[in-house]
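Lettering follows sequence order; numbering is per chain, from 1.
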Amino acid sequence: MNVKTLFIVGPTASGKTALALQLAEELGGEIICADSRTIYKGLDVATAKPSKAERAHIAHYGLDLISPDQKYSAGKFQKDARGWLEAIHNKNKIALVVGGTGLYIDGLYYNFTFNEAYDEALRAELESKSIEELHDYMADRSIALPENSKNKRYLIRSIERGGELGGKGDPLPDSLIVGLLPEREILDDRIRLRGHAMIAAGALEEAEQLFEHYGYDVPAASAPFYKAFAPYCRHEADVDSCLERFYLNDRQLSKRQITWFKRNSDIYWFETATKASEFVHSAIKR
RNA sequence: GCAGAGGUAGUGAAGCGGUCAAACACAACAGACUGUAAAUCUGUCGGCAUUCGCCUUCGAAGGUUCGAAUCCUUCCCUCUGCA
């Protein structure tokens, strides 16, 4: 089959990056990172961003887009990624879209119609309301409740969209989507190993700098590592307890990612990178 | 050895005669997700039945009571103070 775009998805620490680099090399492709954390400049270690050397070797898109105090979004990613996709395809290369941010992946893969409409003042007003008040507000305006009817953030978004649901289109043409899913135990081990490696590589210093320059509440600080180590940087907890917290955060994240991706029946799942890689090669040959 | 404090569901921790299968938090498990998504939120969470409901629990064994996680007795552990 004619594969122009290869998606590689899966939970954190499943080995997506290594697989992507290998396949990009073998297939002559370039990599688009669909990851809501590696977009931040200066946060390299704790976000498990591909290294400088790796990026010098294979072209990467979607990295270091903004500073830690700036906002990004799934819609922006979709727009950006379409541009990168075109650039890669124009070179007659395969694009490898790699990441664990489900909404970014789906937005691109299913051609979501995002709706960015939102009014700063209205949002502030809505945020001051309770869940019940928001329900009433919506009932008054005949705006249907979203599935997550107890999630304030979703209620507000529903109102901002005027109750309209976004559109979902056909899957991106000429694309193949592969998922990496090691057994739970192996994934846990990998998360722990990676945690140690991150600390050794200076993730703590990175976190301290992030907090020092931007504070504790910026968008970038919500990632598992920074969230877990904020108490340490404030001298409220020791490294070991924060590290345990980090493993937990990452495990819980991986669980949510798996839940998200399970819904996509187009994904071909593999336990190991080796199997995934074999499959991709044979699928492309066909 | 004496004097205190305590032993509650996976963990922490409420409850201190009935409305207790037992608050709450965390963990766990399942799920949702369309411009914050590594975010945010929901459900379940002793066992069985999974509709009514039934059964076994609050260190152990007895006892008081119509009724006990809650009161009494003894015993077993843990921590603190004095020795």
Scan [X] against the nucleic acid and name what it touches under 4.0 Å (heavy atoms): base, sugar-phosphate only, or nothing.
X	answer
A:Gly167	base
A:Leu165	nothing
A:Pro224	base
A:Thr47	base
A:Tyr118	nothing

Please say whether more than 12 non-hydrogen atoms of neighbouring residues, nucleotides or ligands are located less than 6.0 Å from CG in A:Asp140.
->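 Yes, because the 6.0 Å sphere around CG of A:Asp140 holds more than 12 heavy atoms from other groups.
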Heavy atoms from other residues, nucleotides or ligands near OH of A:Tyr216 exceed 12 (cutoff 6.0 Å) |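 Yes, the 6.0 Å shell around OH holds more than 12 heavy atoms from other groups.
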Euclidean distance for [atom1], [N] against [M] (whole angstrom):
N	M	atom1	result
B:U42	B:A49	P	29 Å
B:C2	B:A21	P	39 Å
B:C29	B:G17	P	39 Å
B:G10	B:G46	C1'	12 Å
B:A30	B:C55	P	32 Å
B:G7	B:G15	P	11 Å
B:U64	B:C72	P	15 Å
B:C79	B:G67	P	38 Å

Which residue, A:Thr12 or A:Lys79, contacts RNA chain B at a nucleotide closer to its 5' end, judged by nearest heavy atom?
->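 Nearest-nucleotide comparison on RNA chain B picks A:Lys79.
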Would you kindly compare A:Thr259 and A:Thr38 by the position of their nearest RNA chain B nucleotide and give the one closer to the 5′ end?
->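 Looking at the nearest nucleotide for each, A:Thr259 comes out on the 5' side.
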Look at the side-chain N and O atoms of [X] and state whether any lies under 4.0 Å from the OP1 or OP2 oxygen of [N].
X	N	value
A:Lys227	B:A38	no
A:Thr113	B:U34	no
A:Lys262	B:G31	yes
A:Arg245	B:A27	yes
A:Arg157	B:U34	no
A:Arg123	B:G35	no
A:Arg256	B:A32	no

[atom1] of [X] versus [atom2] of [N]: gap in Å, rounded?
X	N	atom1	atom2	result
A:Ile66	B:G35	CD1	C1'	13 Å
A:Phe246	B:A38	CZ	P	14 Å
A:Trp260	B:A39	CH2	P	13 Å
A:Asp217	B:A39	CG	P	15 Å
A:Lys150	B:U44	NZ	C1'	13 Å
A:Arg251	B:A27	CZ	P	11 Å
A:Asn249	B:A27	CG	C1'	12 Å
A:Lys152	B:U42	NZ	P	12 Å

Please confirm whether the backbone N or O of A:Ser67 pairs with a side-chain atom of A:Gln70, one donor and one acceptor, at under 3.5 Å?
->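 Yes: the side chain of A:Gln70 pairs with the backbone of A:Ser67.
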Any N/O donor-acceptor pair, [X] side-chain to [N] base, under 3.5 Å:
X	N	value
A:Asn115	B:U34	no
A:Asp35	B:A38	yes
A:Tyr104	B:A38	no

Let's see if you can work this out: which of [options] has an atom nearest to the side-chain heavy atoms of [X]?
X	options	answer
A:Thr101	B:C29, B:A27, B:A37	B:A37
A:Gln252	B:A27, B:G43, B:G31	B:A27
A:Ser73	B:A28, B:G35, B:A38	B:G35
A:Phe114	B:U34, B:U36, B:A38	B:U34

Identified pairing partner of [N], criterion: Watson-Crick or G-U wobble below 3.5 Å:
N	result
B:U65	none
B:A28	B:U44
B:G4	B:C79

Between A:Gln209 and A:Glu205, is a side chain to side chain donor-acceptor pair (under 3.5 Å) present by the stated rule, with each step listed?
-> CA-CA 6 Å; A:Gln209 281 187 18; A:Glu205 292 70 24; over 6 Å; no
Salt bridge A:Glu160-A:Arg157, side-chain N to carboxylate O under 4.0 Å |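 So A:Glu160 pairs with A:Arg157 through a salt bridge.
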Does a side-chain N-to-carboxylate-O contact under 4.0 Å join A:Glu185 and A:Arg190?
->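 Answer for the salt bridge query: no.
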In terms of ring plane angle, is the pair A:Phe279 and A:Tyr268 parallel, tilted or perpendicular, where the classes change at 30° and 60°?
->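 The arrangement is tilted - the two ring planes meet at 30° to 60°.
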Side chains of A:His135 and A:Leu155: closer than 4.5 Å at any heavy-atom pair?
->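 Yes, their side chains come closer than 4.5 Å.
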